[in-house]
Number of protein chains: 2
Amino acid sequence: MKAKKNKNNLEECPVSNTLKIIGGKWRLRIINEIGEDKRRFGELKRLIPEISEKMLIQELKALVEYQIIVRKAYKEIPPRVEYYASEKGKKVFPIIEEIKKFSNDTN
Amino acid sequence: MKAKKNKNNLEECPVSNTLKIIGGKWRLRIINEIGEDKRRFGELKRLIPEISEKMLIQELKALVEYQIIVRKAYKEIPPRVEYYASEKGKKVFPIIEEIKKFSNDTN
DNA sequence: TAAATTATTTACTTTTTGGTAAGTATTATA
DNA sequence: TATAATACTTACCAAAAAGTAAATAATTTA
């Protein structure tokens, strides 16, 4: 059983905590484009044309650190790297589904 | 039937579109604290101690503009203002629910 | 030899978001 | 008369997020 970090104060609300991981302009977008697939960096670039390369790797890195996605690099030239959702990452799919429903329901 | 704004290019993805409305550090947090209740400004301040007053009204205003919440002001002195979720706003509850599930599942 | 390929990295600038702290209006109450 | 109460508003500054543009490494192919 993992202890919660209730030392002095901190440990906020579940909403804020989750937003630290998947909040921001790009993360859900990226996770959505990866979905159940494996995606290469260049592929994601095409799928999300509005994102800059800098933001894309930066956010991919963060998602890897949070263990939402997995990075697999092949030792080839030119390089090939694939990203895919971890088990933890798959747990954000339902959030995305609800977001899509909201979008449909409200537009 | 409402036409989608597919003039020249634009009209992005449902994820990005929804994040414009409920994205950012505070909006989901605020909606979550309002929930099914009516909440006064000062109440929300207490419920979300980390937010500054400036951010709180700023975000409340934005949520009112997006018709996620409703602002009801009573003509009293000292002033009394209540905020509550609109029908549209209630449609974001399922998103919040999934976020909470994620938080539970993963911590 | 030059160019293409791919996934980064870096430096620099702009934009957006957020924080602090003080002020306002209006009435009731001490 | 001074203070409390409430929901803001304003000005000013700092920090975080994001954009631009160019560079890199290591091979293969033309």
Side-chain angles (χ1 to χ4, degrees), chain A residues 9-10 12-13 15-31 33-34 37-66 68-84, chain B residues 9-10 12-13 15-31 33-34 37-66 68-84:
Chain A
N9 49 341
L10 290 305
E12 294 165 32
C13 89
V15 174
S16 294
N17 285 329
T18 302
L19 290 182
K20 278 175 202 150
I21 302 176
I22 55 161
K25 192 172 174 181
W26 299 115
R27 295 203 186 154
L28 282 175
R29 192 73 197 283
I30 292 167
I31 298 164
E33 294 298 349
I34 294 176
D37 307 311
K38 288 183 198 303
R39 295 286 194 200
R40 296 182 63 176
F41 180 85
E43 238 181 322
L44 289 167
K45 240 171 68 181
R46 277 186 293 100
L47 290 165
I48 312 172
E50 319 99 280
I51 201 173
S52 67
E53 297 193 340
K54 179 198 152 197
M55 278 297 117
L56 183 52
I57 22 116
Q58 180 180 303
E59 299 304 286
L60 285 169
K61 268 186 188 171
L63 290 170
V64 169
E65 273 181 11
Y66 280 119
I68 299 296
I69 60 176
V70 178
R71 192 191 109 112
K72 183 172 183 186
Y74 297 84
K75 293 210 187 317
E76 299 176 2
I77 292 291
R80 181 158 66 105
V81 178
E82 289 176 347
Y83 294 92
Y84 58 91
Chain B
N9 49 340
L10 289 307
E12 293 165 32
C13 89
V15 174
S16 294
N17 285 329
T18 302
L19 290 182
K20 277 174 202 150
I21 303 175
I22 55 161
K25 191 172 175 183
W26 300 115
R27 296 202 185 155
L28 282 175
R29 192 72 197 284
I30 291 168
I31 298 164
E33 294 297 350
I34 294 176
D37 308 312
K38 289 184 198 301
R39 294 287 193 200
R40 299 182 62 176
F41 180 83
E43 238 181 323
L44 289 167
K45 240 172 68 181
R46 278 187 292 99
L47 290 165
I48 314 173
E50 319 98 281
I51 200 173
S52 66
E53 296 193 344
K54 179 195 153 198
M55 279 296 116
L56 183 52
I57 22 113
Q58 181 181 302
E59 298 303 286
L60 284 169
K61 270 185 186 171
L63 290 170
V64 169
E65 273 182 12
Y66 282 119
I68 298 296
I69 60 176
V70 177
R71 191 191 111 111
K72 182 171 184 188
Y74 297 84
K75 294 210 187 316
E76 300 176 1
I77 292 289
R80 180 158 65 107
V81 179
E82 289 175 346
Y83 295 92
Y84 57 91

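By convention in this document, chain letters (A, B, ...) are assigned in the order of the sequence lines, proteins followed by strands, and residues within each chain are numbered from 1. Since we're looking at a predicted model, the values are computed, not measured.
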Rounded off to whole Å, could you give me the [atom1]-to-[atom2] distance for the [X] and [N] pair?
X        : N       : atom1 : atom2 : result
Leu19(A) : dA16(D) : CG    : P     : 17 Å
Lys61(A) : dA17(D) : NZ    : P     : 16 Å
Trp26(A) : dA16(D) : CH2   : C1'   : 16 Å
Glu59(B) : dC8(D)  : CD    : C1'   : 15 Å
Leu60(B) : dG18(C) : CG    : P     : 13 Å
Ile57(B) : dA7(D)  : CD1   : C1'   : 9 Å
Met55(A) : dT8(C)  : CE    : C1'   : 14 Å
Glu76(B) : dA25(C) : CD    : P     : 20 Å

Counting only N and O atoms by type, is there a donor-acceptor contact under 3.5 Å from the side chain of Arg39(B) to the main-chain atoms of Glu33(B)? yes
Ignoring hydrogens and geometry, is there a side-chain-to-backbone donor-acceptor pair from Arg27(B) to Ile21(B) under 3.5 Å? yes
Proximal nucleotide (of dA7(C), dT5(C), dT9(D)) relative to the Arg71(A) side chain: dA7(C)
When you get a sec, tell me which of dC8(D), dT27(C), dA26(D) is the closest nucleotide to the side chain of Tyr83(B)? dC8(D)
Compare side-chain N and O positions of [X] against OP1 and OP2 of [N] and report whether any pair is under 4.0 Å apart.
X        : N       : value
Lys25(B) : dT16(C) : no
Lys45(A) : dA7(C)  : no
Arg40(A) : dT6(C)  : no
Arg80(B) : dA7(D)  : no

Decide yes or no on salt bridge (charged side-chain N to carboxylate O under 4.0 Å, His left out) for Arg29(A) and Glu50(A), but give the supporting numbers first. CA-CA 11 Å; Arg29(A) 192 73 197 283; Glu50(A) 319 99 280; 2.9 Å; yes
Starting at the 5' end of DNA chain C, which residue's closest nucleotide do you reach first, Ile77(A) or Ser52(B)? Ile77(A)
Check: Tyr83(B) and Lys72(B) side chains under 4.5 Å, non-hydrogen atoms: no
Are Asp37(B) and Tyr84(B) close enough that some pair of their side-chain heavy atoms sits under 4.5 Å apart? no
Nearest-nucleotide wise, let me know which of Gln58(A) and Glu43(B) is further upstream toward the 5' end of DNA chain D. Glu43(B)
Residue mapping more 5' on DNA chain D - nearest nucleotide basis, Glu53(A) or Glu50(A): Glu50(A)
For the base of dG18(C), is there a side-chain donor-acceptor partner from Lys54(B) under 3.5 Å away? yes
